[in-house]
2 protein chains.
Amino acid sequence: MTTAIAALTKNQALVFETLARAKTPMSAYTILDQLRDNGFRAPLQVYRALDKLLDAGLIHRLESMNAFVACSHEQCHTAGLIAFAICENCGQVSEFADAAVSRHLTDWARDHKFNVAKTTIEIRGACNTCANA
Amino acid sequence: MTTAIAALTKNQALVFETLARAKTPMSAYTILDQLRDNGFRAPLQVYRALDKLLDAGLIHRLESMNAFVACSHEQCHTAGLIAFAICENCGQVSEFADAAVSRHLTDWARDHKFNVAKTTIEIRGACNTCANA
DNA sequence: AAGAATTGCGTAATGCTATAACATTTGCCA
DNA sequence: TGGCAAATGTTATAGCATTACGCAATTCTT
């Protein structure tokens with residue numbers, strides 16, 4: 001077995017590296033623009049790579065802003081539910097796993113016989129730095 | 001003082017009634033199509049009404065599917081954080097407020113000096129009925 | 001190694017979601 | 001009744017995502 005990153009194709013690696021460098025969320029079209037020089041010409045080339053990277057747990061999709069970020073945990077796919085705090089001013093994203101929150105939502109699902117596929121938790125607001133500026 | 005619903009304008013009322021009848025989430029464009037006979041001609045007419053209804057707490061936006069639902073609580077805007085369980089098969093949405101979840105996320109924000117504007121919690125999956133079918 | 005199956009890639013076209021910009025109308029109330 | 005604020009109507013445009021098709025590369029099997 002090889003590591004997940006070694007298994008990436010050329011396009012997938014290019015998209016992942018672009019996101020990893022950015023540190024803040026990027027839209028698919030922004031990624032596309034940055035990869036024009038690498039031969040990217042159509043949105044689908046980006047979306048296909050993003051799909052695979054999402055499957056591999058290397059990146060996350062932020063539903064509330066139609067954008068994507070590289071995962072900031074080494075082994076985040078092993079963690080359970082992940083939440084995001086997104087600064088609407090500087091774009092900084094904090095990724096965290098809260099076991100208590102995860103447990104309560106799991107309990108709710110069990111009590112209501114709801115079969116969970118995926119859970120999204122996104123906090124929008126201002127980070128400490130921006131709130132004080 | 002009048003009730004919130006009495007203060008709605010014609011367009012706002014039309015959009016709200018459309019959502020309330022539907023019981024499942026609708027996109028802005030689906031709403032538009034259903035209101036063509038009522039004189040609606042452009043997306044903006046829908047989006048403007050949706051904005052006001054969101055402000056009034058009469059409807060909710062589901063970030064993970066770019067759609068809107070009528071609020072299912074009488075006085076839900078008085079409740080704190082609201083979470084949604086969305087069945088990806090039948091579209092049914094369950095709206096619930098979990099105090100413990102809310103408290104843990106608030107605690108995280110306080111500990112990290114993050115100034116919360118809005119929080120989104122959306123569970124995607126299969127409802128009990130659909131999971132058994 | 002040949003053939004089949006799977007996966008990835010390139011391109012064009014299209015569809016869905018949301019807002020900008022500007023003119024006009026409506027309702028309120030001072 | 002004049003003036004302001006909010007709501008409306010219309011056109012155009014920006015931004016996000018997928019469908020459809022054909023080809024190329026890779027892997028699996030025999």
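Because the structure is predicted, anything quoted here is derived from the model rather than measured. The sequence lines fix the lettering, A, B, ..., with proteins before strands; numbering per chain opens at 1.
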Side chains of Phe96(A) and Ile123(A): does their closest heavy-atom pair fall under 4.5 Å? yes
Taking the side chain as C-beta and beyond, is there a heavy-atom pair between Ile31(A) and Phe40(A) under 4.5 Å?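 With C-beta onward as the side chain, the pair stays apart.
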To the nearest Å, how far apart are [X] [atom1] and [N] [atom2]?
| X | N | atom1 | atom2 | result |
| --- | --- | --- | --- | --- |
| Leu50(B) | dA7(D) | CG | C1' | 15 Å |
| Ile31(B) | dC16(C) | CD1 | C1' | 14 Å |
| Leu32(B) | dT19(C) | CG | P | 15 Å |
| Leu35(A) | dC9(C) | CG | P | 13 Å |
| Asp51(B) | dT8(D) | CG | C1' | 14 Å |
| Met26(B) | dC16(C) | CE | C1' | 15 Å |
| Leu14(A) | dG8(C) | CG | C1' | 14 Å |
| Asn38(A) | dG10(C) | CG | C1' | 16 Å |

Ignoring hydrogens and geometry beyond distance, is a side-chain donor-acceptor pair present between Ser64(A) and Glu122(A) at under 3.5 Å?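 Yes, because at least one side-chain N or O of Ser64(A) sits under 3.5 Å from a partner of the opposite role on Glu122(A).
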Does a side chain donor of either Glu95(A) or Ser72(A) reach within less than 3.5 Å of an acceptor in the other side chain? yes
Side chain of [X] only, please: which of [options] is the nearest?
| X | options | answer |
| --- | --- | --- |
| Tyr47(B) | dG8(C), dA17(D), dT17(C) | dT17(C) |
| Gln12(A) | dC9(C), dT17(C), dT10(D) | dC9(C) |
| Leu44(A) | dT18(D), dA21(C), dA7(D) | dT18(D) |
| Arg41(A) | dA7(D), dG10(C), dT11(C) | dT11(C) |
| Tyr29(A) | dA21(C), dC9(C), dA17(D) | dA17(D) |
| Phe68(B) | dA18(C), dT10(D), dA17(D) | dA18(C) |
| Asn11(B) | dA7(D), dG9(D), dT19(C) | dG9(D) |

Are [X] and [N] close enough that a side-chain N or O sits under 4.0 Å from OP1 or OP2?
| X | N | value |
| --- | --- | --- |
| Ser27(B) | dT17(C) | yes |
| Thr9(A) | dC9(C) | yes |
| Arg61(A) | dA17(D) | yes |
| Gln45(B) | dT8(D) | no |
| Asn66(A) | dA17(D) | yes |
| Lys10(A) | dC9(C) | no |

On DNA chain D, nearest-nucleotide positions of Pro43(A) versus Arg48(B): which is more 5'? Arg48(B)
May I ask you to decide whether Asp107(B) forms a salt bridge with Arg110(B), counting only side-chain N to carboxylate O separations under 4.0 Å?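 Counted as a salt bridge, because a side-chain N and a carboxylate O are separated by less than 4.0 Å.
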Are Glu63(A) and Arg61(A) ion-paired here, with the side-chain N under 4.0 Å from a carboxylate O?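 The answer is yes: the pair qualifies as a salt bridge.
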Position toward the 5' end of DNA chain C (nearest nucleotide), Gly39(A) or Met65(B): Gly39(A)
